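A, B, ... follow the sequence lines: proteins, then strands. Residue 1 opens every chain. Atoms considered below: every heavy atom in the structure, side chains included; atoms not considered: hydrogens, waters and symmetry mates. Small disclaimer: the values here were computed from a predicted structure and weren't measured.
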There are 2 protein chains.
Amino acid sequence: MTTEEKIFEAAFNVFQKKGFTGARMQEIADEAEINKAMLHYFFRSKEKLFEAVFMNAFGKLAPQINGIFNSDEALFEKIKKFTDSYISFVMEYPFLPQFIIQEMNNNPEFVAKFLKDEKRPDPTKLLKQIESEIELGIIKPISPKQLLLDIFAMTAFPFAAQNLVKGIINISNDEFFQLMKERKIHISEQIINAIKK
Amino acid sequence: MTTEEKIFEAAFNVFQKKGFTGARMQEIADEAEINKAMLHYFFRSKEKLFEAVFMNAFGKLAPQINGIFNSDEALFEKIKKFTDSYISFVMEYPFLPQFIIQEMNNNPEFVAKFLKDEKRPDPTKLLKQIESEIELGIIKPISPKQLLLDIFAMTAFPFAAQNLVKGIINISNDEFFQLMKERKIHISEQIINAIKK
DNA sequence: TTTAGGTTTAACCATTTGGTTAACAAAAAT
DNA sequence: ATTTTTGTTAACCAAATGGTTAAACCTAAA
């Protein structure tokens with residue numbers, strides 16, 4: 001592994017755990033087991049390093065989302081695939097949702113930048129599909145945006161609020177992951193039950 | 001308004017926007033229009049000030065949640081009341097969910113402290129009620145914990161991921177609030193539709 | 001063997017940051 | 001009226017932090 005890769009990986013871990021303002025360049029250097037000056041040698045500044053990490057993180061998620069949302073399958077099929085593949089993916093990077101949400105909130109100016117990115121999640125097609133399936137009488141009349149929110153909320157929230165969830169329903173990390181595994185089918189069942197005619 | 005109140009209010013705003021690590025004592029002082037030394041005069045340290053703000057924030061939410069969850073009403077009624085009152089409340093403090101979630105994630109040691117608080121949200125009774133209503137044949141068989149997660153996720157997520165949501169479905173702040181208003185009934189409808197027999 | 005390129009390190013720097021102090025003012029208590 | 005307590009300020013401080021620099025160190029090509 002090259003030094004640059006070591007830095008990137010360490011930065012990914014530290015930024016994810018501590019957020020941008022909480023992360024320390026020294027801590028990233030320590031975790032990468034390299035000299036702090038190397039961070040600036042390869043990435044110029046904390047901002048630049050963060051941006052690289054953040055865009056990479058988002059870049060992992062977005063194509064997956066778009067791939068499913070923009071396919072030609074039926075809505076129910078999309079919902080099933082999305083919940084399953086999103087949760088499977090996020091279980092490998094359990095801090096990704098909270099990281100993305102947190103930084104989008106703390107750096108509002110950052111939102112604009114990434115929304116111009118070609119890889120940004122674009123639900124336009126899915127929203128139209130929902131409308132059309134309502135007209136076709138396949139699903140109950142419902143606000144497409146609300147349904148989209150439902151899908152995101154049910155899948156992403158437990159990870160985003162991980163520690164809170166573990167604390168409140170009083171479960172261990174292992175139990176949490178077990179719950180998330182079961183949740184893959186639970187969510188699509190719930191949503192489809194709610195909207196099918 | 002006393003100086004202490006001015007400080008508290010300013011701290012509440014700044015911590016909410018920037019998080020603990022992102023917040024600056026000077027910024028809080030500026031927002032409160034007082035000398036920075038007063039922060040330490042009244043609250044000793046950044047940690048202490050933060051703790052006061054955080055516990056207060058949680059203290060606003062938790063009783064409301066517990067009040068509904070532990071009442072003697074039927075499940076459907078509880079769900080309706082919860083989504084309505086939670087969203088109404090959070091619309092007045094739109095940054096509260098993201099603030100709480102973020103700090104619970106960034107300060108895991110903080111979780112333990114607040115879980116000992118008497119005001120912590122305790123879903124035990126609600127979980128038992130769900131089980132019993134399943135046995136009574138009122139609702140479909142379903143994992144009580146998953147249902148609890150569903151309720152929290154549907155209500156809290158849009159606020160927690162506010163900026164992301166606004167960006168992705170491309171709506172203004174006003175439209176977002178309109179959507180949240182409609183969401184009060186939308187959520188309970190969705191969930192009840194999904195679980196009713 | 002030399003040299004030119006990128007890579008790595010330790011020491012250093014300026015600024016920011018949370019926190020303190022000592023003097024001072026305004027109430028409160030005596 | 002005077003002392004004591006409480007509130008307030010400006011100046012200051014040490015530590016932390018992001019960032020720089022110049023020299024040393026490789027290593028592969030000339």
Side-chain angles (χ1 to χ4, degrees), chain A residues 1-57 95 99 102-110 113-114, chain B residues 1-57 95 99 102-110 113-114:
Chain A
M1 190 159 48
T2 72
T3 300
E4 191 171 348
E5 287 167 339
K6 275 195 247 173
I7 293 174
F8 192 90
E9 200 169 281
F12 183 75
N13 291 331
V14 175
F15 277 134
Q16 223 169 229
K17 250 181 246 162
K18 307 283 179 80
F20 177 73
T21 51
R24 298 288 159 243
M25 294 298 266
Q26 187 58 58
E27 192 183 348
I28 294 173
D30 291 346
E31 177 128 347
E33 292 179 304
I34 46 96
N35 188 288
K36 182 166 71 88
M38 299 305 284
L39 300 182
H40 295 94
Y41 180 74
F42 284 110
F43 292 93
R44 302 255 311 259
S45 70
K46 191 185 180 185
E47 274 82 10
K48 288 270 200 305
L49 176 55
F50 176 81
E51 205 175 307
V53 167
F54 184 83
M55 283 306 189
N56 176 275
F95 295 99
F99 172 64
Q102 173 169 326
E103 299 307 325
M104 295 282 278
N105 283 328
N106 290 164
N107 311 306
E109 76 284 359
F110 210 73
K113 187 179 282 180
F114 116 100
Chain B
M1 190 161 46
T2 72
T3 301
E4 190 170 350
E5 287 166 340
K6 277 195 247 170
I7 293 174
F8 192 89
E9 200 170 281
F12 183 75
N13 291 331
V14 175
F15 278 134
Q16 222 169 229
K17 251 182 244 160
K18 306 282 179 80
F20 177 74
T21 51
R24 298 289 160 242
M25 295 298 266
Q26 187 59 59
E27 192 183 348
I28 294 173
D30 290 346
E31 177 127 346
E33 292 177 305
I34 47 95
N35 189 286
K36 181 165 72 86
M38 298 307 282
L39 301 182
H40 296 93
Y41 180 75
F42 284 109
F43 293 93
R44 302 258 308 262
S45 69
K46 190 184 182 186
E47 274 81 9
K48 288 270 199 305
L49 177 55
F50 176 80
E51 205 175 308
V53 167
F54 185 83
M55 283 309 189
N56 175 276
F95 296 99
F99 172 64
Q102 173 170 326
E103 298 308 324
M104 294 283 279
N105 283 327
N106 290 164
N107 312 305
E109 76 283 358
F110 211 73
K113 188 180 284 181
F114 117 100

For B:D30, side chain to side chain donor-acceptor pair (under 3.5 Å) partners two or more places apart: B:Q26
Residues that B:E47 engages under side chain to side chain donor-acceptor pair (under 3.5 Å), provided they are two or more places apart: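 Applying side chain to side chain donor-acceptor pair (under 3.5 Å) to B:E47 gives none.
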For nucleotides 23-28 of chain C, list the nitrogen or oxygen atoms of the protein found under 3.5 Å from its nitrogen or oxygen atoms, one pair per line.
none

Where A:A10 and A:E31 come nearest, the two heavy atoms and their spacing: CB-CG, 3.7 Å
Nearest non-hydrogen partners of B:V14 and B:A23, listed with the distance: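 For B:V14 versus B:A23, the nearest heavy atoms are CG1-CB, 3.8 Å.
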Interface residues of residues 35-57 of chain B with DNA chain C (non-hydrogen, below 4.0 angstrom):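 Residues of residues 35-57 of chain B that come under 4.0 Å of DNA chain C are, in numerical order, B:K36, B:A37, B:H40, B:S45, B:K46, B:E47.
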Pair listing, salt bridge (charged side-chain N to carboxylate O under 4.0 Å, His left out) test, anchored in residues 4-15 of chain B, at least two apart: none
Summary of side chain to side chain donor-acceptor pair (under 3.5 Å) pairs that have at least one residue in residues 16-25 of chain B, sequence neighbours excluded: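 For residues 16-25 of chain B, and leaving out neighbouring residues, the side chain to side chain donor-acceptor pair (under 3.5 Å) pairs sorted by first residue read A:T21-B:T21, B:K18-B:E27.
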Find the distance between [atom1] ([X]) and [atom2] ([Y]) and round it off to the nearest 0.5 Å.
X      : Y      : atom1 : atom2 : answer
B:L39  : B:I7   : CG    : CD1   : 5.0 Å
A:Y41  : A:N35  : OH    : CG    : 13.0 Å
A:Q102 : A:M104 : CD    : CE    : 12.5 Å
B:F8   : B:N13  : CZ    : CG    : 10.5 Å
A:H40  : A:L49  : NE2   : CG    : 8.5 Å

Sorted by number, the residues of residues 15-29 of chain A with heavy-atom contact under 4.0 Å to DNA chain D: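 Contacting residues: A:A23, A:R24, A:M25.
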Members of residues 3-12 of chain A that approach DNA chain D, where some heavy atom sits under 4.0 Å away: none
With sequence neighbours excluded, residues passing ring pair (Phe, Tyr, Trp, His ring centres under 6.0 Å) with B:F50: B:F15, B:F20, B:F54, B:F99, B:F110
5' to 3' contact window, DNA chain D with chain B (heavy-atom distance under 4.0 Å): D:dT6 to D:dA10
End axis versus end axis in the helix from C:dG6-D:dC25 to C:dT30-D:dA1, the angle rounded to 10°, five pairs used at each terminus: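 The end axes of the helix from C:dG6-D:dC25 to C:dT30-D:dA1 are about 10° apart, to the nearest 10°.
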